[in-house]
K.L.:
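Structure in structure tokens, see below.
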Amino acid sequence: MQPFKPSQPRPAVGESAPPEEQLRIAITFKGRTHTGPTKLAARLSSRSILSFAPEPGEMEKAIEALRQRGFIVSGRGRMTVSVRGSVAQFEHAFGTRLTPFNLSQKQSYSSDKVFYPAKGAPWNPDPSLSALIDDAYIQWPHIYLADPGASARPPSVGYYHLDVLKDVPAKLNVTNIHKERQHGEGIRVAMIDTGFDHSHPFFTRNGFTSSVVLAPSATNRQTDPGSHGTGESANVFAVAPKVTFIGVKLGDDADPNGGASILEGFQEALKHKPHVITVSMCYDLRDDNGVAELGELPNGLKPLEAEIQAAIASGIVVVFSAGNGHYAFPASMPEVLSVGGTFVAEDGAMTASDYASAFTSGIYSGRHVPDVCGLVGMLPNADYIMLPVPPGAEIDTGNAEHDGTTAGDGWAVFSGTSASAPQIAAVCALLLQKNPKLTPAEIKALLVRTAIDVRDGSASPASDPEGLGIKAGPGIDGATGAGLVDAWAAWQQA
């Protein structure tokens with residue numbers, strides 16, 4: 001949604017290791033030759049390889065021995081077994097010492113570092129394990145053949161910003177929920193947006209899965225020239241990485257002015273029986289003077305209003321962005337969960353985002369937007385969260401003019417309430433995983449009751465008829481509603 005413009009210590013054996021110290025290991029077997037396929041002087045052929053097939057029971061015995069030593073079997077073939085283990089487990093089992101080697105940043109490696117025995121390192125495998133296998137080989141990281149310049153890892157920029165996977169869950173207090181092994185499993189979240197290019201290495205490397213459906217006149221499930229949906233969907237996965245993600249694409253690749261309406265996208269989303277629908281789009285219901293909100297809802301938007309009402313009545317949680325200086329509809333609907341913005345500084349100080357909308361509706365009496373807040377940057381550009389985008393697409397190239405990234409690198413720093421809505425939609429998914437009986441009204445009440453009070457700053461001046469921006473203050477206020485969502489506090493009460 002565009003704005004309205006006037007090092008960790010090594011674990012002991014048996015302990016879990018940080019991700020960078022989880023090794024991918026291939027195990028080979030001696031087979032009938034009693035030498036192993038890697039010990040053969042001649043080149044292996046499709047005929048000679050058969051003589052290295054493990055004897056009956058040989059692989060099973062080795063697997064059990066590896067499991068007893070803490071290794072986890074990740075794959076099994078006819079000739080080999082793949083296992084995973086920590087640096088400490090490998091060193092203990094094979095009597096060696098591993099050294100970290102940094103890999104070239106010029107290549108899109110699947111990891112930027114590998115642990116490997118340095119030249120001259122000892123190799124004294126456990127004799128009882130050595131009798132069951134031929135050898136063990138740490139697998140070197142492979143190179144992703146992604147779009148030119150796209151990387152699973154974001155570039156470095158010279159200012160404070162959030163890492164979507166680390167900082168967004170931390171600042172929304174989601175981390176404790178993840179520690180309870182709750183990641184949104186079994187909850188269907190439909191996100192309606194420009195499109196979803198989830199072939200980006202960020203999504204594939206982190207194991208995020210999704211399905212994409214096309215709204216009427218939308219084209220190509222795999223692409224996202226608008227790039228908005230791709231980037232903002234990362235906020236969902238950061239908070240609830242194992243939800244059943246259903247992307248509803250509105251965009252027509254051949255015609256930027258084509259594609260589906262929000263209503264068409266919403267109707268398509270309903271076909272997939274979602275528990276949560278999140279939309280980072282709006283209609284700006286600004287009067288002819290460009291200052292205040294209209295006094296009544298235009299007839300052309302009433303079908304969408306009706307569809308949203310019916311969805312909420314059926315138990316679907318509907319989340320909309322509060323707007324980026326807009327008088328945003330459908331966020332102004334009282335039954336909708338409207339999400340605004342809070343900026344959390346490097347020192348932890350919280351302030352209302354002056355990029356995010358806040359207003360009292362003239363259409364729905366007594367309705368104030370937003371209900372609660374997610375994480376949003378500040379004017380002029382809300383450069384706040386590093387997000388993956390299709391290389392060379394609209395946001396990738398446009399934001400490179402001000403966000404410190406490079407056009408074509410597949411990354412951009414942005415936010416807006418386009419980011420906060422999917423963040424909070426994912427929190428809703430976590431609440432529903434814990435208690436599937438929660439109604440949309442109960443979820444909103446939980447989030448409002450447990451939110452962190454934001455007392456400083458002002459919302460966007462563009463959504464204030466006075467042109468100043470509604471100020472934050474103690475308690476529920478005009479700028480941030482109830483405040484920044486505290487996922488853990490809400491989850492404990494769910």
K.L.:
Rounded to the nearest 0.5 Å, how far apart are CG of Leu297 and CD1 of Ile363?
P.N.:
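The CD1 atom of Ile363 is 5.5 Å from CG of Leu297, to the nearest 0.5 Å.
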
K.L.:
According to the interplanar angle, ranging from 0 to 90°, do the rings of Tyr364 and Phe329 count as parallel (below 30°), tilted (30 to 60°) or perpendicular (above 60°)?
P.N.:
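Aromatic pair Tyr364/Phe329 classed parallel.
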
K.L.:
Taking the inter-plane angle between the rings of Tyr160 and Phe343 on a 0 to 90° scale, is it parallel (under 30°), tilted (30 to 60°) or perpendicular (over 60°)?
P.N.:
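Tyr160 vs Phe343 ring planes: perpendicular.
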
K.L.:
Would a distance-only check, ignoring hydrogens and angles, find a side-chain to backbone donor-acceptor pair under 3.5 Å from Asp403 to Val413?
P.N.:
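Looks like yes, one N/O pair under 3.5 Å.
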
K.L.:
Hey, can you tell me if Trp411 and His200 have their rings parallel, tilted or perpendicular (30° and 60° cut-offs)?
P.N.:
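Aromatic pair Trp411/His200 classed perpendicular.
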
K.L.:
Report yes or no: do Thr230 and Asp224 form a side-chain donor-acceptor pair below 3.5 Å?
P.N.:
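A donor-acceptor contact under 3.5 Å links the two side chains.
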
K.L.:
Rounded to the nearest 0.5 Å, what separates atom OG1 in Thr406 from atom CG in Asn399?
P.N.:
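Reported to 0.5 Å precision, the distance equals 12.5 Å.
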
K.L.:
Heavy atoms, side chains only, cut-off 4.5 Å: are Met386 and Thr405 in contact?
P.N.:
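With C-beta onward as the side chain, the pair touches.
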
K.L.:
Write down the atom of Pro216, the atom of Ala260, and the distance for their closest heavy-atom approach.
P.N.:
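Nearest pair, atom of Pro216 first, then Ala260: O-CB, 3.2 Å.
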
K.L.:
Of all heavy-atom pairs between Asp252 and Ser217, which one has the smallest distance, and what is that distance?
P.N.:
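Taking every non-hydrogen atom into account, CB-O, 3.6 Å.
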
K.L.:
Take Ser210 and Phe237, measure what side chain to side chain contact (heavy atoms under 4.5 Å, CB included) needs, and give me the verdict at the end.
P.N.:
CA-CA 10 Å; Ser210 63; Phe237 291 112; 4.3 Å; yes

K.L.:
Please answer whether the main-chain N or O of Pro461 pairs with a side-chain N or O of Asp464 as donor and acceptor at a distance below 3.5 Å.
P.N.:
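No: the side chain of Asp464 does not pair with the backbone of Pro461.
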
K.L.:
Just by modelled atom types, is the Gly374 backbone N or O under 3.5 Å from a matching donor or acceptor in the Gln423 side chain?
P.N.:
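Flag not set: sc Gln423 to bb Gly374 has no pair under 3.5 Å.
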
K.L.:
Show your working on side chain to side chain contact (heavy atoms under 4.5 Å, CB included) between Gln267 and Glu307 and close with a plain yes or no.
P.N.:
CA-CA 8 Å; Gln267 291 166 334; Glu307 202 68 71; 3.7 Å; yes

K.L.:
Do Thr342 and Thr351 have side chains that approach each other closer than 4.5 Å (heavy atoms only, starting at C-beta)?
P.N.:
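No, side chains not in contact.
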
K.L.:
Taking C-beta and beyond as the side chain, do Val317 and Leu432 meet within less than 4.5 Å on heavy atoms?
P.N.:
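Side chain of Val317 against side chain of Leu432, heavy atoms only: contact under 4.5 Å found.
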
K.L.:
Inspect the surroundings of CG in Asp288 and state if more than 12 heavy atoms from other residues, nucleotides or ligands are less than 6.0 Å away.
P.N.:
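Not buried by this count: 12 neighbours or fewer within 6.0 Å.
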
K.L.:
Taking Asp193's backbone N and O only, do any of them form a donor-acceptor pair with His228's side chain (distance below 3.5 Å, no angle check)?
P.N.:
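Absent.
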
K.L.:
Please name the residue in the list Val369, Asp287, Leu285 that meets the side-chain contact (heavy atoms from CB on, under 4.5 Å) test with Glu293.
P.N.:
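Considering Val369, Asp287, Leu285, a side-chain contact (heavy atoms from CB on, under 4.5 Å) with Glu293 is found only for Leu285.
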
K.L.:
For the atom pair CG (Asn381) and CD (Glu401), what is the distance rounded to the nearest 0.5 Å?
P.N.:
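Separation between the atoms: 9.5 Å.
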
K.L.:
Between Asp383 and His161, do the side chains contain an N or O donor and an N or O acceptor separated by less than 3.5 Å?
P.N.:
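There is no such pair between these side chains.
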
K.L.:
Treating Thr480 as the side-chain partner and Ala352 as the backbone partner, does any N or O pair qualify as donor plus acceptor under 3.5 Å?
P.N.:
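No; judged by distance alone, with no hydrogens or angles, the pair does not exist.
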
K.L.:
When you check the side-chain N and O atoms of Asp253 and Thr223, is any donor under 3.5 Å from an acceptor?
P.N.:
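On atom types as modelled, these side chains qualify, holding a pair under 3.5 Å.
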
K.L.:
At what distance, to the nearest 0.5 angstrom, does CD1 of Ile277 lie from NE2 of His272?
P.N.:
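One finds 10.5 Å between CD1 of Ile277 and NE2 of His272.
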
K.L.:
When rounded to the nearest 0.5 angstrom, what is the spacing between CD in Gln182 and NZ in Lys242?
P.N.:
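Separation between the atoms: 11.0 Å.
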
K.L.:
Can we say Asp371 and Lys444 salt-bridge, meaning some charged N sits less than 4.0 Å from an Asp/Glu carboxylate O?
P.N.:
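Looking at Lys444 together with Asp371, the answer is yes, because their closest N to O distance falls below 4.0 Å.
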
K.L.:
Could you walk me through whether Phe196 and Phe245 pass the ring pair (Phe, Tyr, Trp, His ring centres under 6.0 Å) test, one step at a time?
P.N.:
CA-CA 11 Å; Phe196 306 90; Phe245 183 94; 5.6 Å; yes

K.L.:
Atom CZ of Arg286 and atom CG of Leu294: how far apart are they, to the nearest 0.5 Å?
P.N.:
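Reported to 0.5 Å precision, the distance equals 10.0 Å.
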
K.L.:
For Leu375 and Val344, what are the C-alpha separation, side-chain angles and deciding distance, and is it a side chain to side chain contact (heavy atoms under 4.5 Å, CB included)?
P.N.:
CA-CA 7 Å; Leu375 299 162; Val344 181; 3.7 Å; yes

K.L.:
Any idea which heavy atoms bring Gly469 and Ser458 closest together, and the distance?
P.N.:
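For Gly469 versus Ser458, the nearest heavy atoms are O-CB, 3.7 Å.
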
K.L.:
Can you confirm whether the side chains of Ser233 and His198 place a donor and an acceptor under 3.5 Å from each other?
P.N.:
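Yes, a side-chain donor-acceptor pair sits under 3.5 Å.
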
K.L.:
What pair of heavy atoms forms the shortest contact from Val448 to Ala482, and how long is it?
P.N.:
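Closest approach of Val448 to Ala482, heavy atoms only: O-CB, 3.4 Å.
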
K.L.:
Are Glu268 and Lys271 within salt-bridge range, i.e. N to O under 4.0 Å?
P.N.:
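Yes, charged N to carboxylate O under 4.0 Å.
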
K.L.:
Flag the pair Val336 / Ile312 as yes when at least one side-chain heavy-atom distance between them is below 4.5 Å, and no otherwise.
P.N.:
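A side-chain contact exists here, since the closest heavy-atom pair is under 4.5 Å.
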
K.L.:
So does Lys437 get a backbone contact from the side chain of Asn435, meaning a donor-acceptor N/O pair under 3.5 Å?
P.N.:
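Side chain of Asn435 to backbone of Lys437, a donor-acceptor pair under 3.5 Å: yes, one is there.
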
K.L.:
Please report the C-alpha distance between Thr244 and Ile187 in whole Å, then the side-chain angles of each, then the deciding distance to 0.1 Å, and finally whether the side chain to side chain contact (heavy atoms under 4.5 Å, CB included) criterion is met.
P.N.:
CA-CA 6 Å; Thr244 299; Ile187 304 301; over 6 Å; no

K.L.:
Kindly say whether Gly341 contributes a backbone atom to a donor-acceptor pair with the side chain of Ser353 at under 3.5 angstrom?
P.N.:
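Checked: no pair found.
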
K.L.:
Return yes if some donor-acceptor pair links the side-chain N/O of Glu232 with the main-chain N/O of Gly229 below 3.5 Å, else return no.
P.N.:
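Pair absent, no side-chain N/O of Glu232 close to backbone of Gly229.
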
K.L.:
How about Pro422 and Ser280: do any of their side-chain heavy atoms sit closer than 4.5 Å?
P.N.:
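Yes, side chains in contact.
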
K.L.:
Side chain of Glu264, backbone of Ser261: donor and acceptor closer than 3.5 Å?
P.N.:
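Present.
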
K.L.:
Are the side chains of Arg367 and Thr360 in touch, meaning some heavy atoms are under 4.5 Å apart?
P.N.:
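Side chain of Arg367 against side chain of Thr360, heavy atoms only: no contact under 4.5 Å found.
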
K.L.:
Would you mind reporting whether Leu387 and Asn235 have side-chain heavy atoms less than 4.5 Å apart?
P.N.:
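Sidechains of Leu387 and Asn235: in contact.
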
K.L.:
Side chains of Glu442 and Leu447: closer than 4.5 Å at any heavy-atom pair?
P.N.:
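Side chain of Glu442 against side chain of Leu447, heavy atoms only: no contact under 4.5 Å found.
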
K.L.:
Less than 3.5 Å apart, any donor N or O on the side chain of Ser463 or His326 sitting next to an acceptor on the other?
P.N.:
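Note: Ser463 and His326 side chains miss the donor-acceptor criterion.
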
K.L.:
Write down the atom of Cys428, the atom of Val276, and the distance for their closest heavy-atom approach.
P.N.:
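The answer is CB-CG2, 4.3 Å.
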
K.L.:
Which heavy atom in Ala421 sits nearest to a heavy atom in Val319, and how many Å separate them?
P.N.:
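The answer is O-CG1, 3.6 Å.
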
K.L.:
Could you check, using the six-membered ring where one of them is a Trp, whether Tyr327 and Tyr283 have ring centers closer than 6.0 angstrom?
P.N.:
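No, ring centres 6.0 Å or more apart.
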
K.L.:
Is the backbone of Trp491 close enough, under 3.5 Å, to the side chain of Lys434 for a donor and an acceptor to pair up by distance?
P.N.:
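Confirmed, Lys434 side chain pairs with Trp491 backbone.
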
K.L.:
Are a donor atom and an acceptor atom from the side chains of Asn324 and Thr417 found within less than 3.5 Å of each other?
P.N.:
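There is such a pair between these side chains.
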
